[in-house]
Every structure is written in structure tokens, then in C-alpha cells.
2 protein chains.
Amino acid sequence: MQGMGRWEPNARGRLEQAALELYLERGFEQTTVAEIAKRAGLTERTFFRHFADKREVLFWGSGTLQEQLVNAVADAPESATPMDAIAAAIESAGVLLQLRGESARQRQAVIAANTELQERELIKLASLSAALAEALRRRGVAEPAASLAAEAGIAVFKIAYVRWIDETGGPDVSRLIRESFDELKAVTAGR
Amino acid sequence: MQGMGRWEPNARGRLEQAALELYLERGFEQTTVAEIAKRAGLTERTFFRHFADKREVLFWGSGTLQEQLVNAVADAPESATPMDAIAAAIESAGVLLQLRGESARQRQAVIAANTELQERELIKLASLSAALAEALRRRGVAEPAASLAAEAGIAVFKIAYVRWIDETGGPDVSRLIRESFDELKAVTAGR
DNA sequence: AGCCTGATGACAGTCACTGACATCGCTGGA
DNA sequence: TCCAGCGATGTCAGTGACTGTCATCAGGCT
């Protein structure tokens, strides 16, 4: 069966929860790993057995997101252009994040307040871009078109997501994403 | 006058040199700041007076690059579209990097071998993107067009630069950049 | 009951980074 | 010429992230 903890269950989840709370209360830098572990009823050493470093605790969901994106590209109809496939994937990812709602906003607030966390987020996005490009190549898209389409998709996502976070009562993510894709098309056409 | 050191001159330059050498010889993680300082004839504490952290020593040039990009956007003719201005800026930056030639390749080799350094590079690129977007806004370009054009330009730059690094004897950067812009236009048009 | 396995605790150690204070080598003025 | 001031460097002690190692503990299996 799966590796469920034997003692108090869900040690990883408790660590995630404790970390997010403390990062929100005191800020990322002002929080020590020892404090996180203590709040979760564990030790510092155990924290590092579950997460590679102090930042990674905020980025657990990125694996799921990557699968979602890759599957969406793979499942796009044969007739779809590369950009169609990317747009479909980005939209589906947007929907996923919209479901997380308030917790997504909290997470972004923590990240926005700290440069180290922004670095980590950027490399996660780069990883998503690489996965998208790879998925396009499996559809037969050549380089550099695959990488460019992937990077453009991630750029659209970044911008639409920031807009969604800022406008609290605004429109849903999907619409912002579609609008941004149109905007990108218009901008790149102007040469 | 400028702040030239009073003792052995150019302490910062010696630290840069020593760091690059050691990163190339042993790798970034296997090098301690104490070793860098010793090779430069200084102490660890002095290293941190010149560079915010162990990674920053590899990214000194990024300030110059940012100025170059911003100036190029500002100097683009009135008639230029946003994407024209961005393309001109990216090309001028490419030329600048091509001048650094071999040392640019060494630097990229070190960065490519280490995830932390890639994180730092990505946030520098994000900073360039923000500066480009700001420069476009000063030309009267509205959001989100400004940010999208800037992000697209940086995406093109990333991809063209990687290609240039890989193909040792290949064409010059400018041509790769122009080709990538054309490719991006074609890809985004397909929807 | 006794054994095995995986998760956790305990502990020591390295290294990045910081704050506080002493020191040194020049530079400009008395 | 000499000395006061200043900026760059050295010294030292300390914090906290992260790692390696070994002991320990809970539950499953026989």
C-alpha cells in the first residue's frame, strides 16, 4: 500500500500547513525551519526529509500542474495548431488554479514578498515551459517553434495570472487567458 | 573621482576572476567563498562587501545589459511598432553578448551545471523583461501589450542565445534572433 | 514473542551570510 | 611635515540552512 505515516498521519501536510501559516504571520525570512517543525509537532531534520529546502514547501502543487499541462497538449485534437494546443493547456491550468481560490492568493502573497521565492517560482515556470515544449515535439512540432510556443504560452499565463490575483472580484482566469492570447497575437503581428 | 581601491587595486575584479576560475575547476557547489577570497588575496568578509551572495559574482554584467535594452527601446523611431522596438533592443543586446565571446560561453557552462545559478539567471531575465515593459509604457504602449511584448522578446532572446551557445561555429546572434522573431510571429499567428 | 522495515529523533558538523568593532593606508588640510 | 578623517579591509562571534550518521520507535509479518 502507499507510504502513509505510521505515527500521527500526514506529516507532510502538517508541515505544509505550519509553514504557510508562519510565512503569512511573520514573513518567509523571519521564519526558521525549527519553528515550522515545532508547530507541526516534528523536528527540523524531519522537515528536510520531506522537502528539499525551506522554499520547496510552497511549491508542492507544481507537479500536478505540469501533468495537467502535458496531458492537455497531448489530448488536443490532431487538427489543432501548436498554439491552439498550448492555449488549451494553459486554460485548463488556469481553471485548476482558480479552484484553489483563496489559498492560491495567500500563496502568491507570500511569494510576492520575497525574492528567493520568486526565483523558485520562475524556475518552476521554466520547467513547465520545457515540459510543454517536449509535449509539442511529441506531436511532431519542430524546434524552435515548439520552444517558442511553449514560452509564449507561459508568458501569457504569467501575465493573466497576475491580473487575476490583482483584480479580486474580476473576471475568471479563462477569460483573462484568452484575452491575453489575443493581445499577444496582435502584438507579434505588428512588425 | 571613482572609488578605486587604495590597496591592491580592483578587488572586485580579482574576486570575479577567482570565482569564475574556481567554479569552472571544481564546480559552483564545491567551491567555498573562503577559497575564492583566498585566491583573490582577500577575506571572506570582503567578498560579501562586494557581492550580495555567492551567486551574484557571476551576474555583474546584467546592469549594463539592462541599460542597453532600455536605451534601445527609447531610441527606436516613433514609427516603430512595440514589437519593432523590442526586436531592436534584443538584437542590440545580442551583439553586446557576442562581443564577450568566449567568456560568455564559460559563464553559461557554469550556470548550466547548477540549478541555483539558473534560478538567479531567470530572475535577472525577469528583471530585464520588467524594464523593457516599463520602457514601452513610456512610449505610450498600454498594458497588457507592453508586458506581453517584453516577455515575448525575452523568450526569443533565451531561445536564440541557447542556440548560439550550442552551435559553436554557427551564425551570429543577430541572425538567430531575427529568425526566432519570425518563427514566433508564425507560431502565434496560427490560431 | 521476535524480526524487519520505514519514519522519526538526536547530534555534530559545514558553510553561507551578518553585525560589530578594530585596523590600515591614503588624502587633505593645519 | 604631521595629523585627523575616511573608506576599504581584517577579525571575530554568531545565526540559521542543510547534511551525514546513528539510535530509536511503531507497526506488519511470521
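The structure displayed is predicted, hence computed values, not measured ones. Order of the sequence lines sets the chain letters (A, B, ...), proteins ahead of strands, with each chain counted from 1.
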Trainee: Taking atom CZ as the centre, does Arg105(A) end up with more than 12 heavy-atom neighbours from other residues, nucleotides or ligands that are less than 6.0 angstrom away?
Mentor: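 It does: Arg105(A) CZ has more than 12 such atoms within range.
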
Trainee: Using the ring pair (Phe, Tyr, Trp, His ring centres under 6.0 Å) rule, collect all pairs that involve residues 100-122 of chain B, keeping only residues at least two apart or in two chains.
Mentor: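 Of all non-adjacent pairs touching residues 100-122 of chain B, none passes ring pair (Phe, Tyr, Trp, His ring centres under 6.0 Å).
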
Trainee: Please list all pairs passing the salt bridge (charged side-chain N to carboxylate O under 4.0 Å, His left out) test where one or both residues lie in residues 123-142 of chain B, with sequence neighbours left out.
Mentor: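 Of all non-adjacent pairs touching residues 123-142 of chain B, those that pass salt bridge (charged side-chain N to carboxylate O under 4.0 Å, His left out) are Glu56(B)-Lys124(B), Glu134(B)-Arg137(B), Glu134(B)-Arg138(B), Arg137(B)-Glu143(B).
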
Trainee: Passes side-chain hydrogen bond (donor to acceptor under 3.5 Å, both in side chains), Glu21(B) versus Gln17(B)? Steps please.
Mentor: CA-CA 6 Å; Glu21(B) 286 173 12; Gln17(B) 179 70 25; 2.9 Å; yes

Trainee: Determine, for Arg12(A) against Glu16(A), whether the closest basic-nitrogen to carboxylate-oxygen distance falls under 4.0 angstrom.
Mentor: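 Not counted as a salt bridge, because no side-chain N and carboxylate O are separated by less than 4.0 Å.
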
Trainee: What closest approach, in Å, do Ile154(A) and Ile90(A) show between heavy atoms, and which atom pair accounts for it?
Mentor: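 The answer is N-CD1, 4.3 Å.
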
Trainee: Look at His50(B) and dA8(D) and indicate whether a side-chain polar atom (N or O) is within less than 4.0 Å of OP1 or OP2.
Mentor: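 No, His50(B) has no side-chain N/O under 4.0 Å of OP1/OP2 on dA8(D).
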
Trainee: Could you check which residues of residues 25-41 of chain A get a heavy atom under 4.0 Å from DNA chain D? Sort them by number, please.
Mentor: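 Thr31(A), Thr32(A), Val33(A) - these, ordered by number, are the residues of the stretch whose heavy atoms sit under 4.0 Å from the strand.
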
Trainee: Please report the distance, rounded to the nearest Å, between NZ in Lys54(A) and P in dA16(C).
Mentor: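 Result: 18 Å.
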
Trainee: Measure from the side chain of Phe48(A), starting at C-beta and using heavy atoms only, and say which of dA17(D), dC17(C), dG10(D) lies closest.
Mentor: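 Selected nucleotide (nearest to the side chain): dA17(D).
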
Trainee: In terms of side-chain geometry, is the basic nitrogen of Glu121(A) or Arg107(A) positioned less than 4.0 Å from the acidic oxygen of its partner?
Mentor: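 Salt bridge between Glu121(A) and Arg107(A), a charged N being under 4.0 Å from a carboxylate O: yes.
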
Trainee: Answer yes or no: is there an ion pair linking Lys54(B) with Glu116(B), defined by an N-O contact shorter than 4.0 Å?
Mentor: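 Salt bridge between Lys54(B) and Glu116(B), a charged N being under 4.0 Å from a carboxylate O: no.
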
Trainee: What closest approach, in Å, do Ala152(B) and Leu184(B) show between heavy atoms, and which atom pair accounts for it?
Mentor: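 That would be CB-CD2, 3.8 Å.
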
Trainee: Output one line per pair: protein atom, nucleotide atom from nucleotides 21-25 of chain D, and distance, for all N/O pairs under 3.5 Å.
Mentor:
none

Trainee: List for me each residue that meets salt bridge (charged side-chain N to carboxylate O under 4.0 Å, His left out) alongside Lys185(A), sequence neighbours excluded, and say none if there are none.
Mentor: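 Result, salt bridge (charged side-chain N to carboxylate O under 4.0 Å, His left out) vs Lys185(A): none returned.
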
Trainee: May I ask you to decide if the ring planes of Phe51(B) and Phe47(B) are parallel, tilted or perpendicular, using 30° and 60° as cut-offs?
Mentor: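 The arrangement is tilted - the two ring planes meet at 30° to 60°.
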
Trainee: Between dA8(D) and Thr46(B), is there an OP1 or OP2 to side-chain N/O distance shorter than 4.0 Å?
Mentor: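 No, Thr46(B) has no side-chain N/O under 4.0 Å of OP1/OP2 on dA8(D).
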
Trainee: In whole angstrom, give the distance that lies between atom CZ of Arg55(B) and atom P of dC15(C).
Mentor: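 It is 18 Å, rounded to the nearest whole Å.
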
Trainee: Give, ordered by number, those residues of residues 11-24 of chain A having at least one heavy-atom distance below 4.0 Å to an atom of DNA chain C; if nothing qualifies, reply none.
Mentor: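 Ala11(A) - these, ordered by number, are the residues of the stretch whose heavy atoms sit under 4.0 Å from the strand.
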
Trainee: Is Thr43(A) near enough to dG9(C) that one of its side-chain N or O atoms lies under 4.0 angstrom from OP1 or OP2?
Mentor: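 Result: yes.
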
